[in-house]
Amino acid sequence: MAVPALAAKRETAAQLEQALIAGSSAHKTDAEMARQIGSTELSEQLSEATLDRLRAQVILGPQATVSLQLLADQSAFLDPPASELPTMAAPEAAAQQRMLSAARSYVGETLPRLPNFLATRTINRYDDSPQAVKKDGWPVRAGLHRVDTSSREISVRDERENQPPTQGSAVWERQIGLISGGEFGTTLGMILTDTFQGRVTWSHWEQIAHAPAAVFRYEVPRTASHFELISTLQREAAVEGFAAPSGPRGIASIGVRPNNDPARTSIVRVRPAYHGSLWIDPATGTILRITMEAELKDSDPFRRAAILVEYGPVKIGDATFICPVRSLALSLAAFDTQGSASDAPTEWLNETLFTAYHRFASTTRVLGDSAP
């Protein structure tokens with residue numbers, strides 16, 4: 001039997017910080033601290049600044065350290081505490097439009113001309129499938145935990161050219177789960193194209209890499225959306241009428257029990273409305289971070305499908321380029337009592353890291369015949 005996790009407490013980053021300091025002072029064990037963190041839901045982002053401060057004040061064991069990082073990842077789609085935002089006035093409307101125009105030029109002109117880099121893509125996959133907390137104990141659903149890690153070398157050109165435009169945000173693979181895709185330009189192009197018929201508004205300034213970034217909110221209606229979710233609905237043979245989504249591609253596709261009977265399988269494609277944020281370098285229009293979150297209906301097979309991509313400077317040879325360095329893909333299954341009582345996951349978080357950027361190049365010099 002699998003027991004669902006207890007309802008999470010909703011706290012601010014400051015309240016979590018105080019609770020962890022108190023727990024450390026009370027000499028709680030690593031497992032106790034990990035459970036305390038895992039039962040918390042944040043109302044604001046657990047930023048790098050807060051994480052650094054916590055690491056300096058509280059010594060956490062390996063389990064609690066992983067739980068804290070996963071909590072930070074889950075909160076990455078929220079705004080940081082107001083106390084951590086730069087105290088700068090909002091730019092005038094004309095300046096905002098210049099920033100957005102520069103961002104569109106960056107995506108349309110600069111990104112497609114990036115050299116064909118090679119990089120290592122590492123995917124850390126987490127889910128909430130039940131696991132035994134104690135040796136020989138009953139499996140319980142105790143929050144996210146690492147399932148596996150995979151790593152391989154990729155070509156930027158292949159990643160960009162082989163990604164269909166309507167699936168530029170994520171890919172679902174049965175053995176891997178939900179992973180982000182299109183980080184090398186496809187997703188950015190889709191968002192900025194769709195927002196022509198949507199809405200983009202100023203939000204706030206935010207500190208990224210010791211410099212202020214302009215943060216804009218955007219909304220895309222269903223009628224303009226090219227954000228396609230693909231799932232394969234499979235009816236469980238033993239329980240008539242019970243549907244469980246799964247499938248090889250799409251942002252979220254969650255299988256409860258496999259059923260390979262083609263007669264009992266149907267493909268469902270949905271283009272939901274979606275929203276998110278863009279972090280823009282105000283001087284150059286370079287996009288530093290994006291989020292996107294699908295606006296799902298109760299009838300959809302999942303409650304949440306969200307993606308975050310972080311970009312940063314990467315030195316390759318004698319030049320520096322802005323490349324994707326990290327992405328998160330988060331999904332939640334639609335609530336189902338049979339699913340929560342089984343050993344199937346109901347929540348997934350995949351972290352993708354891009355490292356070891358390099359390229360093959362050569363230098364040629366042509367010499368004429370030398371004089372006698």
Side-chain angles (χ1 to χ4, degrees), residues 34 48 51 62-74 76-77 111 114-129 131 143-164 167-188 209 230 246-255 287-292 305-317 319-331 345 347-361:
E48 283 299 323
L51 280 174
Q63 294 181 53
T65 298
V66 172
S67 294
L68 185 63
Q69 185 58 58
L70 287 170
L71 183 63
D73 290 343
Q74 291 170 291
F77 299 88
L111 276 183
L114 282 177
N116 185 28
F117 302 135
L118 300 176
T120 299
R121 182 177 65 191
T122 302
I123 302 174
N124 297 313
R125 189 164 65 93
Y126 302 84
D127 67 30
D128 70 339
S129 54
Q131 59 177 339
L144 292 170
H145 58 90
R146 183 178 294 190
V147 177
D148 60 34
T149 297
S150 61
S151 183
R152 72 180 183 90
E153 188 174 69
I154 61 169
S155 159
V156 170
R157 181 176 298 163
D158 288 345
E159 290 292 302
R160 188 166 53 217
E161 294 178 354
N162 294 335
Q163 191 73 30
Q167 296 176 33
S169 50
V171 173
W172 171 267
E173 296 180 7
R174 185 183 298 274
Q175 300 301 321
I176 297 177
L178 175 65
I179 60 174
S180 60
E183 291 94 342
F184 294 96
T186 312
T187 297
L188 284 173
I230 303 176
S246 64
R249 293 188 66 82
I251 179 176
S253 180
I254 303 158
I287 295 182
L288 306 172
R289 182 188 298 168
I290 60 169
T291 61
M292 57 188 302
I307 295 163
L308 177 148
V309 185
E310 297 175 351
Y311 298 85
V314 176
K315 188 170 183 180
I316 305 173
T320 298
F321 302 87
I322 301 298
C323 299
V325 293
R326 182 173 181 260
S327 68
L328 297 172
L330 178 66
S331 60
E347 182 176 5
W348 296 259
L349 188 149
N350 280 11
E351 177 192 43
T352 303
L353 304 175
F354 298 91
T355 58
Y357 278 95
H358 60 285
R359 63 180 297 199
F360 292 120

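Starting from 1, each residue takes its place in the sequence as its number.
Contact check for Asn116 versus Ser155: side-chain heavy atoms found under the 4.5 Å cut-off.
Between atom CZ of residue Arg359 and atom CG of residue Leu114 there is a gap of 10.0 Å, rounded to the nearest 0.5 Å. Here the straight-line distance linking atom CG of Leu349 with atom CZ of Arg146 works out to 11.5 Å at 0.5 Å rounding. A distance of 11.0 Å separates OH of Tyr126 from CD of Gln74, quoted to the nearest 0.5 Å. With values rounded to the nearest 0.5 angstrom, Leu308 atom CG is found 10.5 Å from Glu183 atom CD. Residue Ile287 holds its CD1 atom at 7.5 Å from CG of Leu111, rounded to the nearest 0.5 Å. Residue Asp128 holds its CG atom at 7.5 Å from CH2 of Trp348, rounded to the nearest 0.5 Å.
For the pair Tyr357 and Pro324, the tightest heavy-atom approach, listed with the atom from each and the gap, is OH-O, 2.6 Å. Shown here for Leu353 and Arg326, the closest heavy-atom pair between the two residues is CD2-CG, 3.7 Å. When every heavy atom of Pro313 is checked against every heavy atom of Thr320, the shortest pair comes out as CB-CG2, 3.8 Å. Here the closest heavy-atom approach between residue Leu51 and residue Ala72 is recorded as CD1-CB, 3.9 Å. Minimum interatomic distance between Arg289 and Tyr311 (heavy atoms only, all atoms of both residues): N-CD1, 4.2 Å. Residue Ala76 comes nearest to Leu328 through the heavy atom pair CB-CD1, 4.1 Å, listed as atom of the first residue, atom of the second, then distance.
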Discussion item. side-chain contact (heavy atoms from CB on, under 4.5 Å), that's the test. Do Leu330 and Glu347 meet it? Break it down for me.
Written reply: CA-CA 8 Å; Leu330 178 66; Glu347 182 176 5; 4.1 Å; yes
task = Evaluate the criterion side-chain contact (heavy atoms from CB on, under 4.5 Å) for residue pair Glu310 and Ile290; output intermediate values, then yes/no.
result = CA-CA 7 Å; Glu310 297 175 351; Ile290 60 169; over 6 Å; no
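Partners of Phe117 according to the ring-ring contact (aromatic ring centres under 6.0 Å, His included) rule, which considers only residues two or more places apart in sequence or in another chain, are Phe321.
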